[in-house]
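In what follows, every chain begins at residue 1, and chains take the letters A, B, ... in the order their sequences are listed. Hydrogens, waters and symmetry mates play no part in the numbers below; they use all other heavy atoms, side chains included.
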Amino acid sequence: MKDTLQLLIINSLESLKENGVIEELPESIRIDHSKDKSQGDFACNIALVLSKQAKCTPRNLAEKIVSNLTVSDKVDRVEIAGPGFINFFLSHESNTSVIENIIDEGEGYGSSNVGNGKRVLLEFVSANPTGPLHVGHGRGAAYGATVSNLLRAVGFEVNNEYYVNDAGRQMDILATSVYLRYIGTEKFPDNGYKGDYIKSISDQLSGIDKVDILPNVKASSDDSNDIERYMDDLIVSCKMSLGESYKVVFDTAINNILDGIKRDLSGFGVEYQKWFLEQSLIDSGLSNKTIKTLQDSECIYEKEGALWFRTTDFGDEKDRVVVRENGNHTYFASDIAYHLEKLERGYDKIINIWGADHHGYIARVKASISALGHDPDKLEVLLVQFANLYRKGKKVSMSTRSGSFVTLKELCDEVGNDAARFFYILRKSEQHMDFDLDLAKSKTNENPVFYIQYAHARICSVLKQASEKFADSSAYDLSLLSNDYEVSLIKSLNRYKGVVQSSALNYEPHVLAYYLRELAGNFHSYYNGSEFLVDDSALRASRLLLISSVRQVISNGLKLLGVVAPESM
RNA sequence: GCGCUCGUAGCUCAAUUGGAUAGAGUACUCGGCUACGAACCGAGCGGUUGCAGGUUCGACUCCUGCCGAGCGCGCCA
């Protein structure tokens, strides 16, 4: 419908151009849904945009545009309002036709092909496998999964990917922590992983010698400045004492945790096409090869025994180390190789969803993409702000190392997947968000997700009773749907497709969530103000068709959000 | 100190991406079940959009400077 109106405007503008009223045609013409029904169904601001070059007032220009509009049977009338908006009032028939479209297309209604089959790689969560996912990760998981659903719905081919940091010092700290629990030492270091899950993993170890690795350590655990070196010494001692068995401890630890992460995400309705292991970049030699490539193109220099990547040449604030003095690659080195590998897989777009604490890495990753001869704009980084957790009005601080955190699974068990998924995406991702655990747990009825699900269940209930009480009747007449409730409901239905598209293209799932709430609200008002199962069969059939289409849209929308649309609750 | 993300009703958040009178939920005050599910509906109350300038037909939105919050600024991940 927008296209039709755009065409009408363009035709009018072209004739105005011939008459010399305007000089240039605009690049694009915005047609928006009106927010108030006194402003019709669609509004166009083109007269305000062009008034300067037309050298007349916006209202004046609007009148000229309108007088040149060709008549369409889809448009009842056109008005000029406010500073010069052109408001279109559509015919009742063109508004109600959406109902039949929804019924015809069913579950497919709302999807489109604006993505044109372009391939997108979407990486999200990617939390280090050093412990179970906590509620902080939940936001990224819900957001990523929903963005993925939305992009698929509008015609992109999307692959979801989780990057597993299974190499590096943190993993050694994890393995050492597990071993220390296994031998049951009393002197567990403060900077080890202290969560209860470490003990559970150590319980699964058997047949490995219990050697006290603490005496071999030189640095002191009492010196707070030395605490990280103390940990490094512990790791070395652990590796030396265990020999071959170290790998068993290491693998047991990571496999347990990774399995748990996979299970939690799957239970949360989040599916991945690929779990990409950092270790595979090292094993395949890609990490080394990438650094070699950068060295050949003279992007790398040596300073104080380390290799530095000249990222400042590509807009970063300072140069970054890729190979440490001790010969180990940094996390950044793996990341360069990983992004190169992603690009070489041939995606049209690469999206990373990161926690807001990683924003400092965007510049250096983009720099590395440029340095390797790729287009840095192919990478889009979406930042998700932290969720501050509150319990009994007090902020809960969380840390994986100290083991004090609320896990994602605990949250889902307490409030349910639907409420958790919905709650997470209800806020714009870059908005800081307060997650009140007591509110989510104790007052779940106030969560808007139930409000929407309730509308769906109510419609199902009405439809069920209709089919029991009345024989089939397809003789509907949509022109009968003319009371205020019906008009605003139909207006909302007409917006759905556009909402899905903008929600997807802007990576803003909350827009869809708010829309569904509004649609459900319109339905609840309708329900309380009108009776559906009336004696007049044509009116009854029309109203039932209308609420069937509402049910379909709610169901389709909730599915995109990963929320169940129940027939009863 | 520098950088990033923010600041909207008592509280939690929206605002068609620069549009018309800034809207929902919650809290509070009234009212509505012998109709298809009251997990609902209706009415009211609630605002100098952190502050001060600027850009233009038009600013919560863009620019500048302050104030405040969170996060970054390591040869950690």
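A straight line from CD of A/Gln501 to C1' of B/U16 spans 13 Å, rounded to a whole angstrom. As rounded to whole Å, 20 Å separates atom P of B/G74 from atom CG of A/Asn191. Following rounding to the nearest Å, A/Ile291 (CD1) and B/C75 (C1') show an atom-to-atom distance of 13 Å. Taking atom NE2 of A/His329 as the reference point, atom P of B/C75 lies 16 Å away to the nearest angstrom. Rounded to whole Å, the distance from CG on A/Leu516 to C1' on B/A24 is 14 Å.
Base-pair partner of B/U5: B/A69 (Watson-Crick or G-U wobble, both distances under 3.5 Å).
Residues satisfying the side-chain contact (heavy atoms from CB on, under 4.5 Å) test with A/Lys318, not counting sequence neighbours, are A/Arg320.
Counting non-hydrogen atoms of neighbouring residues, nucleotides and ligands closer than 6.0 angstrom, the CD atom of A/Glu430 exceeds 12 such neighbours. Within a 6.0 Å radius of CG in A/Asp535, no more than 12 heavy atoms belonging to other residues, nucleotides or ligands are found.
Between A/Tyr496 and A/Tyr515, the distance from one ring center to the other falls under 6.0 angstrom. Aromatic pair A/Phe532/A/Tyr526: ring centres closer than 6.0 Å. Taking the six-membered ring for Trp, A/Tyr163 and A/Tyr338 have ring centres closer than 6.0 Å.
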Legend entry - nucleotides 57-63 of chain B: protein proximity per nucleotide (B base, S sugar-phosphate only, - neither; heavy atom, under 4.0 Å): B------
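Here B/C36 is the nucleotide among B/A20, B/U5, B/C36 with the atom lying nearest to any side-chain atom of A/Gln465. Closest contact between the side chain of A/His359 and the listed nucleotides B/G3, B/C36, B/C13 involves B/G3. Which of B/G37, B/C41, B/C36 sits closest to the side chain of A/Ala457 comes down to B/G37. In the set B/A20, B/G74, B/C40, the nucleotide with an atom closest to the side chain of A/Tyr454 is B/C40. Listed candidates were B/C36, B/C75, B/C40. Nearest to the side chain of A/Trp308 is B/C75. For A/Val321, taking side-chain heavy atoms from C-beta onward, the closest of the listed nucleotides B/C75, B/A15, B/C73 is B/C75. Comparing B/C76, B/G19, B/G37 against the side chain of A/Arg324 picks out B/C76 as the nearest.
A residue-by-residue look at A/Ala356 and A/Gly82 shows that A/Gly82 has its nearest nucleotide of RNA chain B further toward the 5' end. Looking at which nucleotide of RNA chain B each of A/Lys428 and A/Asn528 is closest to, the 5′-most match is held by A/Lys428.
The side chain of A/Lys318 places an N or O atom within less than 4.0 Å of a non-bridging phosphate oxygen (OP1 or OP2) of B/G74.
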